[in-house]
Amino acid sequence: MDRACLMELGLSAAQADRAAAFCREGNFRDALLTLRSARGDLIEELHGCQRRLDALDLLIRETEKQKGGTKS
């Protein structure tokens, strides 16, 4: 596993180093645990972004209503 590729996929430097080291050692169980943990972190980040987008959409709709429905 290439550290740079792992980091491009969203793993932190520490996660990428750990996963790559586990693979080099043949410790695929811990490599998978590290990858799954990184995936969980990305899912949490995704959900946070979705919540912010939802709030922004609500703000946009409310602002449009106050402006009289005209979009600009």
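Hydrogens, waters and symmetry mates play no part in the numbers below; they use all other heavy atoms, side chains included. Keep in mind the model is a prediction, meaning the values are calculated, not measured.
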If only atom types and distance count, is the side chain of T34 paired as donor or acceptor with the main-chain N or O of D30 below 3.5 Å? yes
[X] and [Y]: which non-hydrogen atoms are nearest, and at how many Å?
| X | Y | value |
| --- | --- | --- |
| A13 | R3 | CB-NH2, 3.3 Å |
| A31 | A19 | CB-O, 4.0 Å |
| Q15 | A38 | NE2-CA, 3.5 Å |

Distance-only criterion, 3.5 Å: show the donor-acceptor pairs between side-chain atoms of residues 50-60 and protein atoms not counting sequence neighbours.
residue	atom	partner	partner atom	Å
Q50	NE2	D54	OD1	2.8
R52	NH1	G48	O	3.4

Residues in salt bridge (charged side-chain N to carboxylate O under 4.0 Å, His left out) contact with E62, at least two apart in sequence or another chain: K65
Rounded to the nearest 0.5 Å, how far does SG of C49 lie from CG of L42? 10.5 Å
Students should find that the hydrophobic cluster of L35, defined by side-chain heavy atoms under 4.5 Å apart, otherwise consists of M1, L6, L9, L11
